[in-house]
Student: 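Can you keep this structure in mind? I'll have questions shortly.
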Amino acid sequence: MTRLTADQARRVAVAAQGLAEPRPSGPVTRAHLRRLIGRIQVLQLDSVSVAVRAHYAPVFSRLGPYDRDVLDGAAWSHTARSPRLLVEYWAHEAALMAIEDWPLLRWRMREYVHGRWGTEIVKKNARLAEDIVAAVAELGPSTAGQIEAHLEAEPPGRNGPWWDRSETKWVAEALFASGVLTTAHRVGFARHYDLTERVLPADVLAREVDDAQALRELTLRAAGALGVGTEADIRDYFRLRAEQIKPALAELVPAGELERVEVAGWSAPAYLRAGSTVPRRDRGTALLCPFDPLIFFRPRVERLFGFEYRIEIYTPAVKRKFGYYVWPFLLDGRLVGRVDLKADRTAGVLHVVGAFAEPGQDLARVAPALAAELQTMAGWLGLSAVTVGSRGELAPQLSHCV
């Protein structure tokens, strides 16, 4: 059995995510984006916009400053000259993925026939589901509020304790989860639902993939995106279950698609995509948003980088250790620090609320490299400067570099 050192595993993981390659020297194109999605598979969506919405960030981290209209066009519009490249579904959490991969998740759509949450609400509203589908067919892309107004289904205001959602919203979300509706586009963060057959190409809708084949393919893609990972790591990437992934691994290893390996210091065996090369040097420098695919499975982050990371958005402010929306900083293939970022659009600055270095790091090395990434990010976001607050041992040195 192949054995990897901890350093080798880390290098494989960073390289697999496209973070060790030079950024494009010219404008980022749809072709760049297509290649990136083919590599990392998903761009997780999240409503927090204190710096920049989560799905934009991994593209910036890998390809550098780019025109966000390129991603918006790939995700939310379709023309004869520029066909839609991405579609939204529960791929990891809510995420954008390649549109041709939609059939790989039909098994999940069947499991979510009554939605992912609030299934009791959906089950008792079968007639409402029919009415919503009919309303969307008539209206075209619509928010839940627009659908509700059209149906005059419920009085305005709050209805129940579940995130203040109306029954119309619950049922529309269930129709999205089951694949009847999908996201035509988003405005702000509001999802505009449309009939799936009006958004996806006919050949994608017509393609049938049996469940076992789909699970094998998802397992293989997750392993490729991770570079090297345990069963738990691979399972988390597309949120698969143990009983789904074990048969897939049992077929992919003898078929020569995956190689079972041992990683020094890891308590569980790991899997390496067959034919993968092990980089000899640490490469890759980037700011990583909390939902970046390299770091969204926190146990793996700690195992790979010795970096303990928890998102503290829902932690009361007085109990936060590092801050509200903290970006780990990857420098030459290692996580060396983290910054709590806020885009102050009124003042036109990217504000570093706090800056923290990992134990043993050379602040004189980390600070200028981090400052350069922050200045690039500020320019990308249309902000004129970077400002640094007082929190964190890295803050004084960083403030002299920006």
Side-chain angles (χ1 to χ4, degrees), residues 30-31 33-38 40-45 55 71-116 119 122 126 128-144 146-147 170-187 190-222 237-240 244 248:
R30 286 167 61 92
L33 184 60
R34 183 190 289 275
R35 284 195 296 272
L36 179 61
I37 295 299
I40 67 174
Q41 302 297 321
V42 294
L43 295 172
Q44 185 172 339
L45 295 155
H55 60 291
L71 179 53
D72 288 341
W76 314 127
S77 67
H78 176 88
T79 66
R81 292 186 63 184
S82 298
R84 185 188 295 258
L85 296 181
L86 307 174
V87 67
E88 181 182 342
Y89 190 61
W90 295 108
H92 174 70
E93 290 298 311
L96 294 169
M97 64 180 191
I99 199 165
E100 59 266 22
D101 293 343
W102 189 85
L104 297 177
L105 289 163
R106 276 205 181 95
W107 58 268
R108 180 166 286 165
M109 295 170 198
R110 291 194 296 273
E111 290 185 351
Y112 289 166
V113 66
H114 293 117
R116 191 179 181 190
T119 55
V122 177
L128 179 56
E130 296 174 2
D131 291 344
I132 288 172
V133 172
V136 172
E138 180 179 345
L139 293 172
S142 308
T143 65
Q146 290 168 335
I147 296 167
W170 279 110
V171 175
E173 279 295 290
L175 291 166
F176 169 81
S178 65
V180 176
L181 301 180
T182 191
T183 307
H185 56 265
R186 285 182 179 264
V187 178
R191 180 182 285 147
H192 286 64
Y193 303 94
D194 201 356
L195 303 180
T196 299
E197 59 264 30
R198 294 203 297 216
V199 174
L200 270 64
D203 61 324
V204 172
L205 287 168
R207 186 158 65 92
E208 295 291 339
V209 183
D210 71 65
D211 291 359
Q213 181 184 350
L215 291 166
R216 281 194 303 274
E217 186 62 28
L218 291 170
T219 299
L220 188 61
R221 291 182 185 212
Y237 210 83
F238 289 109
R239 296 293 167 88
L240 304 177
Q244 294 174 315

Student: Specify the closest pair of heavy atoms between Leu205 and Glu197, including all atoms of both residues, with the distance to one decimal.
Tutor: CD1-CA, 3.4 Å
Student: Determine whether a donor-acceptor pair (N or O, by modelled atom type, separation under 3.5 Å) exists between the side chain of Arg84 and the backbone of Ala75.
Tutor: yes
Student: Is it true that Glu100 and Arg207 have a side-chain N and a carboxylate O under 4.0 angstrom from each other?
Tutor: no
Student: Is the closest side-chain heavy-atom distance between Pro83 and Arg30 below 4.5 Å?
Tutor: yes
Student: Among all residues two or more places apart in sequence or in another chain, which pass the side chain to side chain contact (heavy atoms under 4.5 Å, CB included) test with Ala95?
Tutor: Val42, Ala91
Student: What is the minimum heavy-atom distance between Pro103 and Val209, and which atoms define it?
Tutor: CB-CG2, 4.1 Å
Student: Do Leu181 and Leu195 have side-chain heavy atoms sitting under 4.5 Å apart?
Tutor: yes
Student: With a sphere of 6.0 Å drawn around CZ of Arg198, does it hold more than 12 non-hydrogen atoms of other residues, nucleotides or ligands?
Tutor: yes
Student: Keeping Thr219 on the side-chain end and Glu217 on the backbone end, is there a donor-acceptor pair under 3.5 Å?
Tutor: no
Student: Looking at Asp101 and Leu104, would you say the former's side chain and the latter's main chain have a donor-acceptor pair under 3.5 Å?
Tutor: no
Student: Considering only heavy atoms from C-beta outward, does the side chain of Met109 approach that of Trp102 to under 4.5 Å?
Tutor: yes
Student: If you measure from CD on Glu88 to CG on Leu45, what distance do you get to the nearest 0.5 Å?
Tutor: 5.0 Å
Student: Do you know which two heavy atoms are closest between Ala135 and Ile147, and how far apart they sit?
Tutor: CB-CG2, 4.2 Å
Student: List the steps and the verdict of side-chain contact (heavy atoms from CB on, under 4.5 Å) for Tyr237 and Ile40.
Tutor: CA-CA 10 Å; Tyr237 210 83; Ile40 67 174; 4.1 Å; yes
Student: Rounded to the nearest 0.5 Å, what's the gap from CZ on Arg108 to CG on Leu215? Could you check?
Tutor: 9.0 Å
Student: Ring of Trp90, cation from Arg116 - is the NZ or CZ under 6.0 Å from the centre and inside 45° of the axis?
Tutor: yes
Student: Hey, are the side chains of Val136 and Asp194 touching, using non-hydrogen atoms and a 4.5 Å cut-off?
Tutor: yes
Student: Any non-hydrogen side-chain atom of Leu200 less than 4.5 Å from a side-chain atom of His78?
Tutor: no
Student: Grab the two heavy atoms, one from Val87 and one from Ala98, that are nearest each other, plus how far apart they are.
Tutor: CG1-O, 4.2 Å
Student: Test side-chain contact (heavy atoms from CB on, under 4.5 Å) on Leu218 and Leu105 and set out the steps.
Tutor: CA-CA 9 Å; Leu218 291 170; Leu105 289 163; 3.9 Å; yes
Student: State, with a plain yes or no, whether a side-chain heavy atom of His92 is found less than 4.5 Å away from one of Met97.
Tutor: no
Student: Between Tyr89 and Leu96 (side chain of the first, backbone of the second, donor and acceptor by atom type, cut-off under 3.5 Å), is there such a pair?
Tutor: no
Student: Over all heavy atoms of both residues, which pair between Trp107 and Ala214 is shortest? Give the atoms and the distance, please.
Tutor: CD1-CB, 4.1 Å
Student: Checking Tyr112 against Glu173 for the side-chain hydrogen bond (donor to acceptor under 3.5 Å, both in side chains) test, could you report, in this order, the C-alpha distance in whole Å, the side-chain angles of both residues, the deciding distance, and whether it holds?
Tutor: CA-CA 10 Å; Tyr112 289 166; Glu173 279 295 290; over 6 Å; no
Student: Between Val187 and His192, is there a side-chain heavy-atom distance shorter than 4.5 Å?
Tutor: yes
Student: Over all heavy atoms of both residues, which pair between Ala190 and Thr143 is shortest? Give the atoms and the distance, please.
Tutor: CB-CG2, 4.3 Å
Student: Quick check against the 3.5 Å criterion: does Arg221 have a side-chain atom that pairs as donor or acceptor with the backbone of Gln41?
Tutor: no
Student: Are the side chain of Thr183 and the backbone of Arg191 linked by a donor-acceptor contact shorter than 3.5 Å?
Tutor: no
